[in-house]
Amino acid sequence: MEAKSVCIVGLGYVGLPLACLCAEKGYRVKGLDLNTEIVEKTNQGISHIKDRLLEEKLPKLKGKIDAVTGPKAISQVETIIVCVPTPAKDTEPDLEPLKKAVKSISGFLREGQLLLIESTVYPGTIEEVVKPILEEGSGLKAGRDFFLGHCPERIDPGNENFTIERIPRVLACLSKEGTEKAKGFYNSIIDAEIVSLSSVKAAEAVKVVENTFRDINIAFVNELAQSFDKMAIDLAEVIKGASTKPFGYMPFYPGPGVGGHCIAQDPYYLIARAKTAGFEHRFLRLAREINKAMPAYVAGLVEHTIENLGIEPEKATVSVLGLAYKPDVDDLRESPSIKIVELLEKKGFKVNAFDPFVPEKSSQVSLEEALEGADCIVLGTHHSKFKQKLSPAFLKENGVKAVVDARNFLDKQGIEAKGIIYKGIGR
Ligand code: SAJ
């Protein structure tokens, strides 16, 4: 095994930044991915992910990440980090990609290697699913012949403040020696705190708990938005007021629903695991239902707004601005805006869609074109560049009659002062 060598299995949103970081820290890096295009681009020093930092780093790291499609690269490295997707199929965890990846590399596992799973899993996955596959494929014993553990990924796509090397990590291996080895590895690449836990299950639970925490709090304000709409209370103002409390409160914001591959899916891993252990997470499940119902709530607000304008649905044009699941990224996974477009089309509206980060999914090529002839616009994603562009004057000039602001992002007072109908989420 080459000294200071690592193989990153899966070069996606999690694996590619990790591979770059290891290369920057002087590791000999192998990158293993099933997708030949990703492998070719990485070897050419091109980021297959639209991300400013990655697009800057990859060219400088050309030749320092040896991307391959064959798993035999595993046998040459000291440390293996698995970063493959662990999606949820509707509401059930889907470990197939992880199982396939682990099975494909098991035959190349060597004594003394450290293997860590970074993919989000439910507590018990490493010991009950991953370990048997690795031991069967390698003939080695986890914890004795090789080190096995979990260090949940905490990438926040697009966040240039908390880049991967600045985010603390938690981890645990099956053996104390493995945990120490893993801690040594992450301390050599991460500039933030590395916390080792007493069990792999605890490390697996950390990630699903921190993301489920977000989902239930978003559901809280999404439900508040619906009740405050009935009570004519401006929730945005109430959240601003509550946020003045310097302790015991943490602001979350109502929106069109929860998108992304983390928050919208991780709770199902916790719910499913607890269920097999005999506990039904009614609260977590309800929070998921509330968030999943938000696109329909927003579509209902549009329908009501168009009615108020006295326009027949089939004669009304609605422009959905912003398709990505969160601001300033091009990621459409689980995006609520996409669901809103589908629901509005089903209601018979002519629907335009525009997102500067997602031209391939936009039906218009510019904001101006998207507003042309629009009776109502829906602000689906609060991209920074929309803030100054979607001014009340600009909306008025473009003949917009109504705004459904699914992010409470636009200037309500200014828009209403122009005689344009404004409806927010809980305001
Ligand atoms: N959202 C709301 N209201 C909120 C916060 C978020 O509606 O108050 C929506 C967002 O618009 C988005 C979805 O929820 O559609 C998820 O948003 P997010 O801010 O949680 O962003 P993600 O999905 O990129 O979550 C990632 C997570 N990182 C990992 O899983 C490694 C999460 O743990 C981070 O806390 C989060 O980024 C972050 O803080 O930005």
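Remember, predicted model here, so these are calculated numbers, not experimental data. Counting convention: from 1, in listed order, for ligands and their atoms alike.
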Side-chain ion pair, [X] and [Y], N-O less than 4.0 Å:
X      : Y      : result
Glu24  : Lys64  : no
Asp156 : Lys326 : yes
Glu180 : Lys183 : no
Lys207 : Glu153 : yes

Closest protein heavy atom to [atom], given as residue, atom name and distance to 0.1 Å:
atom                    : result
atom 2 (C) of ligand 1  : Tyr253 O, 3.6 Å
atom 29 (C) of ligand 1 : Ile155 O, 3.3 Å
atom 23 (O) of ligand 1 : Tyr325 CE1, 3.4 Å
atom 21 (O) of ligand 1 : Lys326 NZ, 3.4 Å
atom 17 (O) of ligand 1 : Ile263 CG1, 4.4 Å
atom 40 (O) of ligand 1 : Asp156 OD2, 2.9 Å

Checking the N or O distance criterion of under 3.5 Å, is ligand 1 in contact with [X]?
X      : result
Asp266 : no
Arg407 : yes
Gly259 : yes
Ile218 : no

[X] neighbourhood, listing ligand 1 atoms whose heavy-atom distance to it stays under 4.0 Å:
X      : answer
Lys207 : 29 (C), 30 (O), 31 (C)
Cys262 : 29 (C), 30 (O)
Phe252 : 8 (O)

[X] charged N/C atom sitting above [Y] aromatic ring, 6.0 Å / 45°:
X      : Y      : result
Arg166 : Phe162 : yes
Lys412 : Tyr422 : no
Lys50  : Phe357 : no

Heavy atom under 4.0 Å from ligand 1: found in Asn211's side chain, backbone, both, or neither?
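Within the 4.0 Å criterion, Asn211 contacts ligand 1 through side-chain atoms alone.
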
At under 4.0 Å between heavy atoms, which part of Glu153 makes contact with ligand 1: side chain, backbone, both or neither?
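Both backbone and side chain.
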
For atom 9 (C) of ligand 1, which of Gly257, Pro327, Pro152 has the closest heavy atom?
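Going through Gly257, Pro327, Pro152 one by one, Gly257 has the nearest heavy atom to atom 9 (C) of ligand 1.
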
For atom 35 (O) of ligand 1, tell me which residue out of Arg214, Met294, Arg154 has the closest non-hydrogen atom.
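Looking at heavy atoms only, Arg214 sits closest to atom 35 (O) of ligand 1.
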
Is the distance from the ring center of His281 to that of Phe279 below 6.0 Å?
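Yes, the ring centres sit under 6.0 Å apart.
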
Under 4.5 Å between any side-chain heavy atoms of Ile415 and Leu395, yes or no?
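Side-chain contact under 4.5 Å: yes.
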
Just to verify, which of Ile189, Val77, Leu114, Val29 counts as forming a side-chain contact (heavy atoms from CB on, under 4.5 Å) with Val6?
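Exactly one pass, corresponding to Val29.
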
Got a donor-acceptor contact below 3.5 angstrom from the Ser119 side chain to the Val84 backbone?
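Checked: pair present.
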
Can you tell me if Asn159 has a non-hydrogen atom under 4.0 Å from ligand 1?
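No, that is not the case, since the closest heavy atom of the residue is not under 4.0 Å from the ligand.
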
